[in-house]
Structure formats: C-alpha cells, structure tokens
Amino acid sequence: MRYPFSEIESKWQKFWEDNKTYRTDLTKSDKKLYTLVMFIYPSGAKLHIGHWYNYGPTDSWARFKKLQGYNVFEPIGYDAFGLPAEGYAIKTGIHPQDSTLKNIEDIREQLKKMGCMYDWDSELMTCAPEYYKWNQWIFLQMFKRGLAYRKNAPVNWCPKDQTVLANEQVVDGCCERCGTQVIQRNLYQWFFKITDYAEELLEGHNKIDWPEETILKQKNWIGKSEGAEVTFKIADNNNDEIKVFTTRPDTLFGVTYVVIAPEHPLVDKITKPEFKAGVDAYRESTKLLTEIERTSTVKEKTGVPTGAFAINPMNNEKVPVWIADYALITYGTGCVMAVPAHDERDFEFASKFNLPIRKVILQDDTNENDELKVAFTEVGTMINSGKFNGVRSDVGIGQVINYLEENNLGKRKINYRLRDWLISRQRYWGTPIPIIHCPKCGEVPVDESELPVLLPYDVDFKLGGESPLARNEKYINVKCPKCGTDAKRDPDTMDTFVDSSWYYLRFLDPKISDAPFDKNLADKWTPVDMYVGGKEHSVMHLLYARFFHKFLRDIGLVNSDEPFAKLVHQGVITKDGAKMSKSRGNVVNPNDFITRVGTDVFRMYLMFMGPYDQGGDWSDKGISGVERFVMRTYELFNEFKNVIKDYPPKDKYDIISLSDNEKKVYRKVNQTLKKFNEEIEHFRFNTAIASLMELINELKVLESCNKEIQSYVLLRFASMLAPVAPHLGEECWQIIGNEKSIFENPIAFAIDKEALVEDTVNIAVQVNGKLRATIPVTINSEQDSVKPLVFADDKVKKFTDGKTIVKEIFVKNKIYNIVVK
RNA sequence: GCCGAAGUGGCGGAAUUGGUAGACGCGCUGGACUCAAAAUCCAGUCUGGCUUACACCAGGUGCCGGUUCGAGUCCGGCCUUCGGUACCA
C-alpha cells in the first residue's frame, strides 16, 4: 500500500497548529525541559540539509521527552542581522531589512513543513527594535561597570573595499570578497572585557555536560598559563625596565638575550643612537607584513639589536636587548626573556644570530658538556644556576618564583591567551552602539529611557571607508545629552554574536517590553537543558554566551552560572566529500526529497544514515529502505484498524500464559521499547530506528496472535514511531482506535521487565579462544550444569580429544572457553 | 608543527563494561507473483580453500608489535583521511 504522506502530513500539521499542541505553558516548571537548536540565519537560500540534520533529529529527541511527560519548550527564531544581507544589498540594491523580512517569511513556511514541535508563539528575530533595544541596554550595563570600553586596536583592513573585515572574513591573509591582501590598521574600537571572566569560564567547564572536545577547544582558546613576571633592569638607565612573562622561571640563569616586540613603546626609549637606523628600518619592514605572514611558523626568524643591555636579576649579567617580531605585543608583556638552550624559538634565533646558548637544565643521562643539537624543553636537573643547582627543574619553578618574590625581582603571574572581545563593526545591518561622542564630555552613554537607538532605514550602505551610518547626517549628528553641544553618535554597529549571546533568555517571553527577558521565567527555565548545534560554534558563540550569562547573573538577572547545561553537536553532511556550497554547485535540496517521500521519511533517513555527531557524506541510496519501512508500517497498522477500541489491552500480560508467537512479539516489543528509549535518549537515532525495523520484521506473526496482544504491541509500536516519524506516528495511533493525538496526551509505556529475559541463551564455546560451537542453555546456568553439555559436543570433542585441559573459563550467559595443550 | 576526531563487507553502518565481528539498511544474486515490466514478497550474500551437497577448515576490523584463556575494543610504535589552530614566551 502506498503511504499517502502528503495528505497525512498536512492533516496533522493543520491539527497541531489549530490546537496549538506545542504551546508550552511556561508557568508550569516542574519537569521543565528547555530544548534549543541554534537559531537560523535567514538567508535567501532555502533550508538546506544541514538545517534538517540539526532540527529534525533534535525535534525527535524533544518529542520523545514530551511523551515521557516532560513539559518541553522548543522555540525557534531568526538570527537576522549580519553581513550576508548587507553584501546582498550592496550587490543588488535591495535593502537588508526588506530582503531579511522576506526571507523570514519564506523560511517560516519551510520550517512549518518540517513538522517540528516549535512553539510559534515564542518566535523572535534579532533585527527587530524590540530585540536589539536590549542589546543596547546590556551594552550600557557593561559600560557602567567598565566592561565595555573603547581602545585603539589593530583591525583587518581591506584597501580595495575600504572597510574593516572580521577575522572570519580574512582567508589566507586576503579579503574574502575581492581577494585583495588585507593590511593591519589601528582604529578606536569597542571591546567587551571577557578577560575578566577568563578564570570563571575555565572553572565553569566542570559544571556543564558538553563534549570533551568542545571544552578542550575553549580551554585552549582561553589559554591559561602559569608562571612569573620578572623585571629586568636596563643597564645605564634608571628610568626604564623590562618586564617579561615566563612559564619557565627555572631557566632564568640561561637567559642570553631579551627580545621586545617591534611596536613596543619601550623601543624608542632604550635604542642607542647608533642602532636607531637599523631598528627603524626593521620596524617599518614588519609593519608591511600581514598578521598571517608575521605569525607563520615557517617564516625564518628576523630581528635587530637595539644596542641596549638588560640585567638578569638572578645573576646580574648584562644581556643584549633585541627587537624581533616573534615577540608579540598582544601577549604577556610584549617582552620575552630568551633561553636558547631550552626554548625552540630562542634556539633558532640564537643560532642564526650567533648569540650564546647556555645550558641550565641537564637532560637525564647526558653530560653537561654534550653539545645541544636542539633545545631541550623537558624536565631535567638545574645546572649553572647558582644556589638552585641540583634541583629538578619542575620543582625549581616554584623555588625560583619564591626567590623572585622574596627579593622583589618578580612575582607569580597567570597569563591568558584570551583577548577582549572586539564588538565594533563598521557595518550598517546590526545593532547601533548607544554611545554619543561629545567633544567636551567624551563618551556619553545614551540614556536608557531613550532606547532603542533606532537603526535608520534610509542609509547609503554602499562601501566606502567608513561606517555607512556615519554618512547619515540625520542619524549621526546629535546634541550631547550631558552638555548640549554638537556631538556625534558612534557610527558603528555591534558584532552579531552579541545578538546570539542571550537570545535563549528572550525566547521565554519575546514580547516583554520593560526588560530584556522575564526574570521570573528565566530563573525557572534556564539553563537550557539541551542545546544542539554545529561544532563551528565551539569557541566564539558558545564562549560569548557563557560570558553574557555570567555577566547577567552578576547584575542579578539570572540565577544560574551557565546558559547551556548539556550540549550536543550534530555532524556535518557533505556531498562528494566536500562541504555543500552554492559555489561548488554540490548543494542537495531537501525539497526534492520532501515532495517525493515526505518529511517523515526524509528526517528518519537522516537519522538512520549514521551516528548523529559524525554526519557523513550525502547519498540518497538508502532512502528507499526507510521508505519501505514506513510503507510496511502503515500497511501493518491498517490491517488492525480500531483494534484497541475493540480489544483494549491490559498493561501487562503473564508471559507464561502466552502462545509461542504471542510470547515472541510480546518479548520483542518490550525489548525494543528498552533499546529504543536508551538509544534516543543518547541521540543514537540510527540504532533506535534499526530497532524499530527489527521489531516490524518480527511482527510477521502478529496476525496469529490474540487480539489483545495485537493491541498491546501496536500501541507501543505507534508510541515509538511518534518521536521519529511524528505524522506517521499520530496517524497510526489513530488508525488502531485512539481518539486523541498522542502529543496532546503524552504517554510513556512501562517496560515489562519479566519479558526482557529470554528462557535460553546461546553460549559460545571456544577452544583456545577460537569459536568451536554455540550451545543453547537455560538462562543463568552455572558452570557445573553447562560443563557436561559443552564436553558432550562433537565439535568440542574434536578439538579437545587427546589434549590436556589446562584451564576453563566460564562467563555466565556468554562464553565457555577451554584452554588445551 | 601542535591539538582533536576517525579508519570494520561492494556501500551507509552495528557490536553500550575485553567475551559468538558484520545487527539494521542499501546494493547484488536466485526464486515467487505477472503475458511482461515495475512494485511487493521469500531466500542467499565477509574472503579464501575443499565439497555434488550438508558440512568442515583457514584467514579477516588501516599497518607492525605487545598484554590476555580471549582484543574491533586495552597498551606501545607507525600510516592515511578529515576538522581546528598558528612563534602565546
């Protein structure tokens, strides 16, 4: 029988919508379950396989939980600000707002056709003033507390497009759009002080159930390193000193020179006149390099001496001060103490410029006078280190730090690789920054009562050297709120990661107008219980959101420490081994399949393809397998119309009283229930669906069973279909005689544990570890009763006859291994 | 370079704590139904050897070695693929 998917799918979608089946009553928070997928960027393109792969299976999980009695909240919204819409506008002249709103209309329709459990009353879009008003409000809260600040910082600048580029838009040092080489330029930019939370962001990793891999990525990104800051005085100069950060204070006696970043302000002060020309030339040459070139590890090390000398605080030795671009102004103090013997980079540099290499950590089982071929960076014994000689270097680290602190030469110090979050974008399609620049008063925040600072519609958003908003006279020119002088608004907009850093809170009441979100609901409903999205957001989005949540907690708006209690990443679906993209022309359009096989089959096939977190290469080869399963299922249920109405089943049957076939299906459906529940719970959809296929294969004998058993089995089968194929599930549920929608009246069937155990099990019999026979024995048989059966077996005899039995290993219900000689 | 994930039939993949490798599905082969085809249903399908056949034997989870009565699973050393990252002192 053909499965009329299109009628059945529209029938149930209409039913769900008419009855608001998936509206969540947020006032009830016992057994609450907040399930969230990363919201969608409304581009002109249709929903692609990646969206389906993210949303479909996650929805199945949410439905499974709903049937288990959870009060599930599953919202969806639109991450509507951002560069692509603006790029599209530059190309076509269509205003970003017009194209975005149109795209949202289209995408909403497509999302509804997926048949997910979204609570459409909670929909939100970030480009609406009611939403971005609160970006501005949060910005002001941070500003008040010194967590939003402005500083001069280098940014990626495309000389052709005359605009700033985000790091993500720089590909191999070139502008993503036009291919021009990107240069560094200094601009005044707004930052969020995420570094204040560095330590807490690390600690928080212990409180969340996230993939290890993702936590590790964040840890590496934050890059905590412990060590010391050491002060080097400058010879013949009492005004200046060089502070270096090191994780290896144990190697201090091996310092043979000091390196300062070329752009470090100290360089001008300490460079000797006769070295000035060389230093200036070097500084010029490094400026020409891109960040990529400069930080490339393949590039040979360069540098020039300044003529100045620094004094090693440990032994008062004079060592030369060089500038070299392998010292980064952005990390630590911008100055490095160089220990060529025990640091690879210093070793390379010293070898090239003939600087001395002094061994101060002796590798075990080597001699002090052995020549060093490469830097030795492991633990060894300290030598040439005065009173620390003989100490193990890992122990020496702490001892040297203590010595430094006691003598006021340095101090214990922790450094982070994490930088503050640059949020300014010289862009139109984003949240305006609510700051007014007054020539007299400086940075003046817009009063909260004046929010939102509306993004004007009428703007020349074409490219050209400055923020588009700067060219809108009406927008940019204002009076200073403090003194009334002519002033200007900040012309920039915020990074769209600001929007996505707190949207999960707004979902709870997207229409609230006197607060960013309903604090009462947020206290009850956050953290989000299950968050599902791509690995590509491992660091940026997921770190920023955690930072926001902690900040909101600190100002008393939420009562939890972390936004997302559990995180799952769906895998990536590729085509012919490559990421799908328009430019490659390898995009698979889900609609082709939806119209051919229906959404249930398509979503089930995506789940059946393989492990959810691994994704895989797209092929429609196997889709017919799922299609056949769905047809056979539909056919089966149609053979038993109204069976539960006519023969209502009991909750449990005594398995001994059943016929062989009844026993078989009764057992199988209970075993399936157990397996299916466990698999879905852990996002192992492929094996969950395989278990349903196994079930239907066993149901060939259902016809010959008692009617009540038929009811018992089909009721449970339909309840398992409902999460993974919601339309089919509802239909089958109804066919067998249920009056109401299963999702309106969620039901979870208890497993009959007595039905799980088989009477007999097959025990594998091995001789010397090789399988020789399998023999059926009564379940839980002890070795004593199994042994005679084993040794009676012809095949076993064949391999044991004439041999000495050395050992016998018995594992109950599993294996009997005989070791012979 | 460093960090991470993964390598199992013709293919997608199972094997949840070391215990019968290949569940489930695709494809393929044979059969049933049909005038015929499609669809559907039934059976078979890791490789090699031997056999009329049933059976039996040997090998087999990227490669080499180890631990163990027993390894896809644990340990050591490699190879390949895919992701992330780029001198962080």
Side-chain angles (χ1 to χ4, degrees), chain A residues 1-2 211-214 216-217 219-221 223-225 227 244-248 251 259 291-292 294-299 301 324-328 330-339 343-346 348-349 415-419 535-536 538-539 571-572 574 577-579 605 608-611 613-626 628-629 631-632 635 675 678-679 682 684 686-697 700 761-774 795 798 806-820:
Chain A
M1 191 193 290
R2 232 188 66 80
E212 276 304 314
E213 191 193 344
T214 308
L216 192 66
K217 267 188 199 160
K219 284 204 157 106
N220 291 340
W221 188 264
K224 178 180 185 174
S225 43
V244 302
F245 173 71
T246 178
T247 54
R248 293 294 304 275
T251 63
V259 186
E291 188 74 15
I292 306 285
R294 202 181 135 175
T295 55
S296 162
T297 44
V298 259
K299 176 180 157 282
K301 298 231 171 334
D325 62 4
Y326 81 89
L328 307 173
T330 45
Y331 183 78
T333 60
C335 306
V336 185
M337 60 177 228
V339 187
D343 181 279
E344 280 158 29
R345 296 152 300 180
D346 299 341
E348 190 193 329
F349 192 85
N415 245 307
Y416 299 91
R417 183 180 165 271
L418 183 71
R419 320 267 169 86
K535 268 186 198 162
E536 67 274 19
S538 290
V539 176
V572 178
T574 54
K579 231 181 204 167
Y605 177 60
F608 186 60
M609 273 175 58
D613 56 353
Q614 275 172 39
D617 203 49
W618 171 259
S619 154
D620 56 11
K621 282 272 172 56
I623 204 162
S624 55
V626 175
R628 278 176 202 153
F629 168 77
M631 287 191 299
R632 285 168 63 198
E635 211 167 318
K675 170 90 175 165
E678 277 170 14
E679 300 302 271
H682 296 103
R684 292 191 293 256
N686 54 333
T687 44
I689 290 171
S691 76
L692 295 184
M693 289 174 169
E694 275 186 60
L695 175 64
I696 199 171
N697 288 343
K700 280 168 195 158
V761 285
N762 283 326
I763 287 209
V765 182
Q766 300 181 336
V767 179
N768 286 349
K770 288 193 181 183
L771 181 72
R772 295 305 177 190
T774 57
K795 284 170 230 151
K798 191 175 151 193
V806 181
K807 200 173 175 184
E808 289 165 60
I809 293 115
F810 176 72
V811 181
K812 197 190 267 181
N813 298 330
K814 287 219 165 123
I815 204 158
Y816 199 112
N817 189 10
I818 305 158
V819 185
V820 297

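Just so it is clear, the structure is predicted and the values come from calculations on it, not from any experiment.
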Exercise for the section: Report yes if a side-chain nitrogen or oxygen of Arg345(A) is closer than 4.0 Å to either non-bridging phosphate oxygen (OP1 or OP2) of rG1(B); otherwise report no. Expected result: no
Exercise for the section: Could you work out the separation of rC82(B) and rG9(B) based on their C1' atoms and round it to a whole Å? Expected result: 23 Å
Practice task
Just compare rU16(B), rA6(B), rC69(B) and give me whichever is closest to any side-chain atom of Lys807(A).
Solution key: rC69(B)
Exercise for the section: Compare side-chain N and O positions of Arg684(A) against OP1 and OP2 of rA14(B) and report whether any pair is under 4.0 Å apart. Expected result: no
Exercise for the section: Pick the P atom in rU45(B) and in rG7(B), then give their distance to the nearest Å. Expected result: 26 Å
Exercise for the section: Ignoring backbone atoms, test whether Arg772(A) places a side-chain nitrogen or oxygen under 4.0 Å from the OP1 or OP2 oxygen of rA58(B). Expected result: yes
Handout entry: Closest to side chain of Leu771(A), choosing from rU16(B), rU20(B), rG12(B)
Key = rU20(B)
Exercise for the section: Assign the ring pair Tyr605(A) / Trp618(A) to parallel, tilted or perpendicular, where the plane angle (0 to 90°) is split at 30° and 60°. Expected result: perpendicular
Problem - Integer angstrom distance from the P of rA39(B) to that of rC28(B) - result: 10 Å
Exercise for the section: Check whether more than 12 heavy atoms from other residues, nucleotides or ligands sit under 6.0 Å from atom NZ of Lys579(A), and answer yes or no. Expected result: no
Handout entry: Presence of Lys535(A) side-chain N/O under 4.0 Å of rG84(B) phosphate oxygens OP1/OP2
Key = no
Handout entry: N or O in side chain of Asn686(A) less than 4.0 angstrom from rC24(B) OP1/OP2
Key = no
Problem - Lys814(A) side-chain proximity, nearest of rG19(B), rC69(B), rU40(B) - result: rG19(B)
Problem - Candidate nucleotides rC24(B), rU16(B), rU20(B), ranked by approach to the side chain of Gln766(A) - the nearest - result: rU20(B)
Handout entry: Check: Asn415(A) side chain, Ser225(A) main-chain N or O, donor-acceptor pair, under 3.5 Å
Key = no
Practice task
Determine the contact category for Asn697(A): base if any of its heavy atoms lies under 4.0 Å from a base atom, sugar-phosphate if only primed atoms, P, OP1 or OP2 are that close, otherwise nothing.
Solution key: sugar-phosphate
Problem - Under-4.0 Å side-chain N/O to phosphate OP1/OP2 contact, Ser225(A) with rA89(B) - result: yes
Exercise for the section: Would you check if the side chain of Asp343(A) reaches a backbone N or O of Ala338(A) as a donor-acceptor pair within less than 3.5 Å? Expected result: no
Completion exercise
rA38(B) -> Watson-Crick or G-U wobble partner, both distances under 3.5 Å, gives none
Exercise for the section: For Lys812(A), report the nucleic acid contact type (base, sugar-phosphate, nothing); a contact means any heavy atom under 4.0 Å. Expected result: nothing
Fill in the blank from the handout: Closest to the side chain of Leu216(A), out of rC42(B), rG4(B), rA89(B), is rG4(B)
Exercise for the section: Would you indicate which nucleotide in rG12(B), rG13(B), rA89(B) comes nearest to any side-chain atom of Phe608(A)? Expected result: rG12(B)
Practice task
Just call it for Glu678(A): base, sugar-phosphate, or nothing, with non-hydrogen atoms closer than 4.0 Å on any strand.
Solution key: base
Exercise for the section: Pull up the glycosidic torsion of rG31(B) and say syn or anti, syn being anything within 90° of 0. Expected result: anti
Handout entry: Sugar-phosphate, base or nothing in reach of Asn817(A), heavy atoms under 4.0 Å
Key = base
